[in-house]
Every structure is written in structure tokens, then in C-alpha cells.
Amino acid sequence: MTKRLHKYLPFIQAGGQEVLAYRTNFYLRLISQSLGAFVTYFLWQSIFLSANHPSLNGFTLPQMVFYVFLSFFTSLITASGGNWSIGDEVKDGSIAMRLLKPVSFSVTYLFQELGEKMMTLGLVAIPFIIGLVLFQIFNPAAGVFNVGNILLYLISSLFAYLLNFYFNICFGFTAFIFKNLWGSNMMKNSIIAFMSGALIPIAFFPHDIAVVLQFFPFASLIYTPVMIGMGLYRGSQFLMVIFLQVFWLLFFFVLEKIIWRVTIIRLNIQGG
């Protein structure tokens with residue numbers, strides 16, 4: 001087991017080195033996403049100030065502010081770009097070099113992304129969590145963000161990341177057939193942002209649609225970890241959403257193995 005994991009250590013190192021090598025790109029992307037979070041915050045602030053009630057769909061303004069910034073952070077740590085990497089490597093032919101390595105194809109992407117995540121967490125996690133805790137201290141109505149909820153949030157976020165990773169790998173395999181995934185990737189990202197609760201909390205959808213969306217895998221990516229982190233999922237509801245995360249994770253894990261066996265025989269290397 002140790003020897004097998006040792007083979008993937010270079011991919012972790014490569015992922016971390018990539019973040020360091022392209023620090024400017026990393027910080028520009030972080031600033032861009034932060035600006036999006038602040039725009040969303042001001043939008044919701046305007047909505048609440050113009051409303052006649054102190055709460056909307058079960059959210060008060062402090063809770064919504066907490067939700068907006070925690071969902072931003074969750075999007076950052078659960079993001080996965082395996083589909084983009086596969087698409088780019090298929091398009092330029094460099095995927096041939098990855099296929100020649102005596103290691104699992106999808107696991108190489110996983111460990112490379114883990115290296116990136118370690119650097120990301122090291123750079124932004126601690127100051128961001130401190131900021132959220134301070135906000136919660138000065139705004140107790142925002143939610144219960146204590147040590148227990150933080151641990152449960154991190155566990156749920158780990159499931160969310162792995163689910164997102166295997167979903168994107170499955171999606172990325174379509175590059176073996178279509179060769180270029182830029183347009184479909186953009187469409188996928190827009191749909192997921194809408195259905196995962198990253199743009200609008202699922203509680204704001206019509207009731208019947210909200211119930212259905214919570215059983216879809218996309219709600220497990222953002223909405224579930226954030227609601228757990230805010231302490232709004234407890235007891236049987238908490239167990240149910242964790243079960244759904246694990247179910248969808250196993251589903252896409254198995255689906256990835258099946259799609260790999262089908263699509264690899266249709267791969268034509270371009271360029272390179």
C-alpha cells in the first residue's frame with residue numbers, strides 16, 4: 001500500500017509547484033472570485049433591505065452573509081479541474097505521456113489536485129476561517145460555527161470535493177470522443193453553479209423543485225457542506241445529506257471505471 005502511494009507523491013509535488021509557479025494567476029483568480037462574493041453580498045443586502053420581513057425563506061440577513069462567504073470558500077476548496085485538464089491534454093496530444101505512465105490514469109489527476117489543494121488551504125484557509133468565526137461572534141444570529149460544526153463541515157467538504165472530482169473526470173472522458181470540451185465545460189459549470197446553491201440557496205427555489213434538487217448530486221457540492229457548517233442541518237437531516245454525498249460519490253466512482261473502459265478504445269491522439 002505504501003509503495004503504491006509512493007508512486008503518486010511526484011504528482012502531489014507537481015500540483016503544489018504549479019500553484020507556486022503561477023502565483024500571479026492563483027491570486028488573480030482568488031481576487032476575481034472574492035469580487036464575485038462581494039457583489040453577491042451587496043445584492044442580497046439590497047434584497048433584504050427592500051423586503052418587509054427580517055427573514056426570507058428561513059434566512060436572516062446575517063445568515064445570508066455567512067452563507068455567501070462560506071459558499072465562496074467551499075467552492076474554492078471543492079473545485080476540481082480534471083475535466084479541463086483531460087480536455088486540454090486530449091486536444092494537444094500530451095495525454096499520451098500520461099497514459100504511458102504505470103499508474104492509474106484518474107488517480108494521477110487526483111493527487112495532482114491534492115497538491116494544489118494543500119497549497120490553497122495553506123494560503124487562504126486559516127485567515128478565512130478566522131474571519132468567519134469573528135463574523136459569527138459579532139453576529140450570533142448568523143449561525144452556530146463552532147469546532148464541532150467546523151469538523152463536520154470539513155468532512156462534508158471532503159466528500160463534496162471527491163464527488164466533484166469523479167464527476168468531472170467522467171465528464172472529461174467525453175473529450176476522447178468530442179476532442180474539444182471548452183463550450184460544454186462552460187455550460188456544465190453554469191448549470192452546476194445554479195443547481196448546487198452556489199448562486200442562490202436551494203431554499204429559495206419553489207418547494208417542489210427544491211426538494212428534488214436536494215436529491216441531485218449537485219446540492220452535495222456546495223449547499224450541503226455550507227448548511228452543515230452553519231449548523232442548519234442536524235440529526236436525521238444531517239445523516240440523510242451525508243448519506244446522499246456518499247451515495248453519489250460511490251456512484252460516480254464506479255461510473256468513472258465503466259466509462260474509462262468504454263472510452264479508452266476510442267481515443268485518437270492529436271498533436272503531440
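What's counted below: heavy atoms across the whole structure, side chains too, no hydrogens, waters or symmetry copies. For clarity, every value in this text was computed on a predicted model and none was experimentally measured. Along the sequence shown, the residues carry numbers beginning at 1.
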Beyond-backbone contact of Ile242 with Ile228, side-chain heavy atoms, under 4.5 angstrom: yes
Any pair counted as side-chain hydrogen bond (donor to acceptor under 3.5 Å, both in side chains), so long as it reaches residues 195-211, sequence neighbours left out: none
Heavy-atom closest contact (Leu163 atom, Pro217 atom, distance): CD2-O, 3.6 Å
Common cluster, Phe73/Phe38, ILVMFWY with side-chain heavy-atom separation under 4.5 Å: yes
Centroid-centroid distance, Phe167 to Phe218, less than 6.0 Å: yes
side-chain hydrogen bond (donor to acceptor under 3.5 Å, both in side chains) contacts touching residues 235-259 (sequence neighbours left out): Ser106-Glu256, Ser156-Gln245
Inter-residue atom distance Phe159.CZ - Leu162.CG, 0.5 Å rounding: 8.0 Å
Side-chain heavy-atom pair Leu30, Leu76 within 4.5 angstrom cut-off: yes
Single-linkage hydrophobic cluster, 4.5 Å side-chain cutoff, Ile31 and Phe42 together: no
Separation of Tyr223 OH from Phe216 CZ (nearest 0.5 Å): 15.5 Å
Flag side-chain contact, heavy atom, 4.5 Å: Leu244 against Thr224: no
Residue pairs involving residues 48-59 (criterion side-chain hydrogen bond (donor to acceptor under 3.5 Å, both in side chains); sequence neighbours excluded): none
Straight-line distance of Ile200 CD1 to Ser71 OG, nearest 0.5 Å: 11.5 Å
Shortest non-hydrogen separation from Gly229 to Asn149 and the atoms involved: O-CB, 3.7 Å
CA sep, side-chain torsions, deciding dist, call: Phe72, Phe128, ring-ring contact (aromatic ring centres under 6.0 Å, His included): CA-CA 10 Å; Phe72 153 73; Phe128 190 85; 5.7 Å; yes
Heavy-atom donor-acceptor pair, Ser32 side chain to Leu28 backbone, under 3.5 Å: no
Hydrophobic cluster membership, Tyr67 vs Leu35, 4.5 Å side-chain cutoff: no
Check: Glu113 side chain, Ser80 main-chain N or O, donor-acceptor pair, under 3.5 Å: no
Atom pair CZ/CE of Phe204 and Met64 - distance to nearest 0.5 Å: 3.5 Å
Gln45 versus Tyr41, side-chain donor and acceptor atoms under 3.5 Å: yes
Evaluation steps, side-chain contact (heavy atoms from CB on, under 4.5 Å), between Phe238 and Leu152: CA-CA 10 Å; Phe238 167 77; Leu152 294 176; 3.7 Å; yes
Nearest heavy-atom neighbours spanning Gln63 and Gly58: OE1-O, 3.3 Å
Sequence-distant partners of Phe194, ring pair (Phe, Tyr, Trp, His ring centres under 6.0 Å), two or more places apart: Phe205
Verify same cluster id: Leu49, Leu43 (apolar side-chain graph, 4.5 Å): no
In one Ile/Leu/Val/Met/Phe/Trp/Tyr side-chain cluster, 4.5 Å: Phe66, Val39: no
CA sep, side-chain torsions, deciding dist, call: Phe215, Phe247, side-chain contact (heavy atoms from CB on, under 4.5 Å): CA-CA 10 Å; Phe215 285 93; Phe247 169 79; over 6 Å; no
Partner set under ring pair (Phe, Tyr, Trp, His ring centres under 6.0 Å) for Phe253, not counting sequence neighbours: Tyr166
Given Leu221, Leu249, Leu114, the one that forms side-chain contact (heavy atoms from CB on, under 4.5 Å) with Tyr161: Leu114
Step-by-step side-chain contact (heavy atoms from CB on, under 4.5 Å) determination, Phe243 to Val246: CA-CA 5 Å; Phe243 168 79; Val246 174; 5.9 Å; no
Which atom of Thr74 lies closest to which atom of Pro225, heavy atoms considered: CG2-CB, 4.0 Å
With a cut-off of 3.5 Å and sequence neighbours excluded, list every side-chain donor-acceptor pair involving residues 183-191.
from: Ser184; atom 1: OG; to: Leu181; atom 2: O; distance (Å): 3.1
from: Asn185; atom 1: OD1; to: Asn83; atom 2: ND2; distance (Å): 2.6
from: Asn185; atom 1: ND2; to: Leu181; atom 2: O; distance (Å): 3.2
from: Lys188; atom 1: NZ; to: Asn168; atom 2: OD1; distance (Å): 2.8
from: Asn189; atom 1: ND2; to: Asn185; atom 2: O; distance (Å): 3.4
from: Ser190; atom 1: OG; to: Met186; atom 2: O; distance (Å): 3.1

Option among Leu70, Leu232, Ile202, Ile222 that satisfies the side-chain contact (heavy atoms from CB on, under 4.5 Å) test with Met227: Leu232
Value rounded to 0.5 Å, distance of CD1 in Ile192 from CG in Leu199: 11.5 Å
Student check: side-chain heavy atoms of Ile86 and Thr174 closer than 4.5 Å: no
